[in-house]
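In listed order, ligands and their atoms are each counted from 1. What you are looking at is a predicted structure, and each value in this text was computed from that prediction instead of being measured.
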Amino acid sequence: MEPFILDLEPGTYYFCACGKSSNLPYCDGAHQGSEFAPHQVEISEARKVGICKCLQSKTTPFCDGTNLNLA
Ligand code: FES
């Protein structure tokens with residue numbers, strides 16, 4: 001499972017932590033009523049990021065390569 005590769009402009013982003021958003025990797029509010037809250041990320045300079053899709057990264061919401069070791 002490969003991460004979401006995004007070219008982000010400076011700004012504030014909210015990435016889904018619950019896996020239920022219909023607009024992954026962004027939070028769409030589907031977590032409401034659960035124990036989850038979105039990851040708030042401030043991007044100060046335009047850059048490319050890898051956002052975790054497998055939900056196993058230790059550096060969420062960013063990919064840390066854990067997906068490469070999953071069966
Ligand atoms: S929809 Fe998943 S954290 Fe908001």
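Listed by number with element, the atoms of ligand 1 under 4.0 angstrom from any heavy atom of Asp28 are 1 (S). Each of the atoms 1 (S), 2 (Fe), 3 (S) of ligand 1 lies under 4.0 Å from some heavy atom of Cys18. Listed by number with element, the atoms of ligand 1 under 4.0 angstrom from any heavy atom of Ser21 are 1 (S). Ligand 1 places these atoms under 4.0 Å from at least one heavy atom of Ala17: 2 (Fe), 3 (S).
Without hydrogens or angle criteria, Asn23 side chain to Asp28 main chain gives no donor-acceptor distance under 3.5 Å.
Cluster partners of Met1, using a side-chain heavy-atom cutoff of under 4.5 Å among ILVMFWY residues and allowing indirect links: none.
Annotation: ring-ring contact (aromatic ring centres under 6.0 Å, His included) contacts involving residues 25-45, sequence neighbours excluded, comprise Phe15-Tyr26.
When the N, O or S atoms of His31 are ranked by distance to atom 4 (Fe) of ligand 1, ND1 comes first.
Across Glu9 and Ala46, no two heavy atoms sit closer than the pair OE1-CB, 3.9 Å.
A side-chain contact (heavy atoms from CB on, under 4.5 Å) with Cys52 is found for one member of Cys16, Ser57, Pro3, Pro25 and no other, namely Ser57.
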